[in-house]
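Note sheet for the following structure.
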Amino acid sequence: MKERNWTSLLIWVLLFFAIFYLTRTYRESTLVEDIPYSTFYEKLKEGKVERLTVKENVLRGEYLVDDKKIKFKTTALPDSRLADELSKYGVKSYSAETGAGWFGTILLNFGPILLFIIFWIFMLRNMQGGGRQVMTFAKSKAKLRSEKDQKITFENVAGCDEAKEELKEIIEFLKDPKKFQKLGGKIPKGVLLYGAPGTGKTLLAKAVAGEAGVPFFSSSGSEFVEMFVGVGASRVRDLFEQGRKSAPCLLFIDEIDAVGRHRFAGIGGGHDEREQTLNQILVEMDGFDTKEGVILIAATNRPDVLDPALLRPGRFDRHINVPTPDLKGREEILKVHCRGVRIGDKVDLRIIARRTPGFVGSDIANLVNEAALLAARKNNEAVNMEEMEEAIDRVIAGPARKSRMISEHEKNIIAYHEAGHALVAKILPGTDPVHKVSIIPRGPALGYTLQLPLEDKYLTTKTEILARLSVLLAGRCAEELMFNEITTGGQNDLSKATDVARKMVYEFGMGEKLGPLSLKKPEEEIFLGREIARQNHLSEKTLEIIDAETKDIVEKCKNRASEILGANKEKLVHLAKFLIEREVLDGEDVDTILSGGTLAPINGTVFTNANEHLNEIASPQHSEDGR
């Protein structure tokens, strides 16, 4: 490649000098005046000729006109006395030159033509190279991984046992297709993997190829559509053609919703390149036989927006859900990601799995990596439980912002806000256990109260929802109780509480006035045409009832939290005192404080009397704005 670049550079340099030489020669030739020999002879007799050169019967020289030198040339006549006359009439310089030879004549006469031919050949080569690039532009950009490159197997995938079982049938077919063909069975042409982002859909597809030991063509839905019309359909044709040549193999299209969305989703007609690409995918999936050994696997986290023609039997026959892992799945995923990490003996992966509900595979991988980085930063020999706990907090709420300067008054407000959440969560039945309470800012939050369930839950009762609402509103109630004032710190809690209460009435049928009605329509992709054509299916009166019931639920839960805090004010103050001193309390610390015990001293300070701190908080400097 480097030699080719140097050759091109040399050609351009030579081309530049050739053009420069011919241009200069042409300019010199155009500035010379062609005169008759008689005129030359007159100028010679007048003594105005200063220089003269004789070359092949052509006289070239200069003569003066009003002190201005003019170059001239003329054809010489046979004259033996010319040399004597040049000396006689005072020519300052005269000489004779031999001819330039045949090479110079050819270069001068045919040089421009040769230069043009060289330039044309050079440009034609570049155009042909560009043409090849244009031809490859319509080729598929799928990356081929041969069976030798496939190092990912089902041992690298955890937390989705049901999905792995479904895909094992595909692997068996690719290894031994006659087993299914002899009974007349047909393997699915396409498999659609769908689930939340980060659950491992792409990893599953790679593991299938690794287990089957077949070539694996990987591409993304966005790679098919370019700015040129027809490129997407051409790349789809090329992808399936490559698959047929390499059969048996797997074709994988990630994020297929980029080209597989509902057709004719907008207003009016018009040509949509994505629709043409989707049409070509549909045609290709109808056109190839499973006996060829080509199976298409696609992944998406938005199966609801895909075109129905893509999901019908005969195309994507099998739809496999890759769910968010449960407690057992999270523990297995932790074991997979901890294989290459030095883990301490005291690290209990089951506890970590229990403290990470809702985490998907990518979150857990990030968690382990963050813990390893934290341990390396501390120069530890292994990752301990402390780094794991800190990594969970970093993934959930962001890194701690200990450098943020917070005044003592605001620190007290934050402490009582979080203490209110923790106290109500401890007293109310049906709530998740309190795992940690912190007033160290993380991300946008000034503090947080972390509750973790003991086990995965798939059903939630009305009692549990109401208890959760009371916990959400307890922080604001504690501020109002202790400072006689409310702040903006509870905005996120209020937003969550309002949303949950509205869902109780609007979706879950838990409202008293509306009764067992679910008024929410199934979720649909909001396209422009549908959004305009769709009419609101709820009357004004129904909307008023929903708003009224939502407000009533929130008010009742708020009053319930206020009653609990008022009846346990001394415990609230005791908990807030230790939170101000220590900044972070775990679940065991909260249990000890609320049971009337005390914690080990920090900085030589031990709190034993809650009334002292209560009097301090109730002083005019903290409560005058609320009175």
Side-chain angles (χ1 to χ4, degrees), residues 197-198 330 334 347 351-360 362-378 380 383-426 431-453 468 471-476 478-479 487-497 499 575-590 593 599 602:
R330 291 195 299 273
L334 277 167
V347 174
I351 295 177
I352 300 299
R354 189 178 68 82
R355 294 176 181 176
T356 53
F359 276 41
V360 295
S362 59
D363 294 328
I364 295 174
N366 187 29
L367 164 66
V368 176
N369 184 61
E370 286 287 347
L373 294 178
L374 289 171
R377 195 178 301 169
K378 297 178 181 178
N380 293 351
V383 178
N384 300 315
M385 202 69 177
E386 181 183 353
E387 285 79 39
M388 284 290 192
E389 291 279 358
E390 174 64 18
I392 293 174
D393 293 339
R394 289 174 70 93
V395 172
I396 293 177
R401 303 175 63 181
K402 296 183 179 180
S403 60
R404 175 178 284 185
M405 299 300 295
I406 299 178
S407 65
E408 287 297 323
H409 179 55
E410 287 188 343
K411 190 175 182 179
N412 287 333
I413 294 176
I414 297 169
Y416 276 95
H417 182 102
E418 300 304 332
H421 287 309
L423 180 59
V424 174
K426 275 299 196 181
T431 59
D432 295 326
V434 176
H435 172 62
K436 182 181 291 186
V437 186
S438 172
I439 59 172
I440 297 176
R442 286 185 178 272
L446 297 175
Y448 64 94
T449 300
L450 182 60
Q451 296 176 256
L452 295 178
R468 188 180 303 171
V471 173
L472 284 171
L473 298 169
R476 185 185 180 97
E479 293 179 17
T487 67
T488 58
Q491 183 270 335
N492 189 41
D493 297 331
L494 294 177
S495 178
K496 290 180 180 178
D499 183 56
L575 182 60
K577 283 166 38 181
F578 281 98
L579 192 56
I580 293 171
E581 179 202 7
R582 292 175 173 261
E583 293 186 334
V584 178
L585 298 174
D586 59 24
E588 295 178 358
D589 293 337
V590 174
I593 294 169
L599 303 179
I602 295 181

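Small disclaimer: the values here were computed from a predicted structure and weren't measured.
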Mark yes or no for whether [X], through its side chain, and [Y], through its backbone, hold a donor-acceptor pair below 3.5 Å.
X    : Y    : value
R394 : E370 : no
Q451 : T431 : no
N412 : E408 : yes
D586 : D589 : yes
E581 : F578 : no

Could you tell me which non-hydrogen atom of [X] sits nearest to which non-hydrogen atom of [Y], and how far apart they are?
X    : Y    : result
A372 : V383 : CA-CG2, 3.8 Å
K496 : L472 : CB-CD1, 4.0 Å
Y416 : A478 : O-CB, 3.3 Å
E387 : A375 : CG-N, 3.7 Å
I580 : A415 : CG1-CB, 3.4 Å
V434 : A425 : CG2-CB, 3.7 Å

Rounded to the nearest 0.5 Å, what's the gap from [atom1] on [X] to [atom2] on [Y]? Could you check?
X    : Y    : atom1 : atom2 : result
L494 : L473 : CG    : CG    : 6.5 Å
I352 : I392 : CD1   : CD1   : 4.0 Å
L367 : S362 : CG    : OG    : 11.5 Å
T356 : I396 : OG1   : CD1   : 8.0 Å
L446 : N492 : CG    : CG    : 11.0 Å

Query raised in the report: Out of E418, H435, H417, which one pairs with T449 under the side-chain hydrogen bond (donor to acceptor under 3.5 Å, both in side chains) rule?
Result: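 When E418, H435, H417 are each tested with T449, the side-chain hydrogen bond (donor to acceptor under 3.5 Å, both in side chains) holds only for E418.
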
Report task. Would you check if P357 and L452 make a side-chain contact, meaning some heavy-atom pair closer than 4.5 Å? Result ->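 Yes, their side chains come closer than 4.5 Å.
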
Query - Check: V395 and F359 side chains under 4.5 Å, non-hydrogen atoms - result: yes

Report task. Start with the C-alpha gap between R476 and D493, add the side-chain angles, then the distance that decides, and say whether side-chain contact (heavy atoms from CB on, under 4.5 Å) holds. Result -> CA-CA 8 Å; R476 185 185 180 97; D493 297 331; over 6 Å; no

Report task. Any chance you could lay out the side-chain contact (heavy atoms from CB on, under 4.5 Å) test for M388 and I351, step after step, and finish with the verdict? Result -> CA-CA 10 Å; M388 284 290 192; I351 295 177; over 6 Å; no

Query raised in the report: What's the verdict on side-chain contact (heavy atoms from CB on, under 4.5 Å) for L585 and L575, showing C-alpha distance, side-chain angles and the deciding distance?
Result: CA-CA 9 Å; L585 298 174; L575 182 60; 3.9 Å; yes

Report task. Mind running side-chain contact (heavy atoms from CB on, under 4.5 Å) on V584 and I439 for me, showing each step along the way? Result -> CA-CA 7 Å; V584 178; I439 59 172; over 6 Å; no

Short N-O contact, [X] and [Y], less than 4.0 angstrom:
X    : Y    : answer
R442 : E390 : yes
E583 : K411 : yes
D393 : K436 : yes

Query - E386 atom CD: more than 12 heavy-atom contacts under 6.0 Å - result: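 For E386, atom CD is not crowded (no more than 12 foreign heavy atoms under 6.0 Å).
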
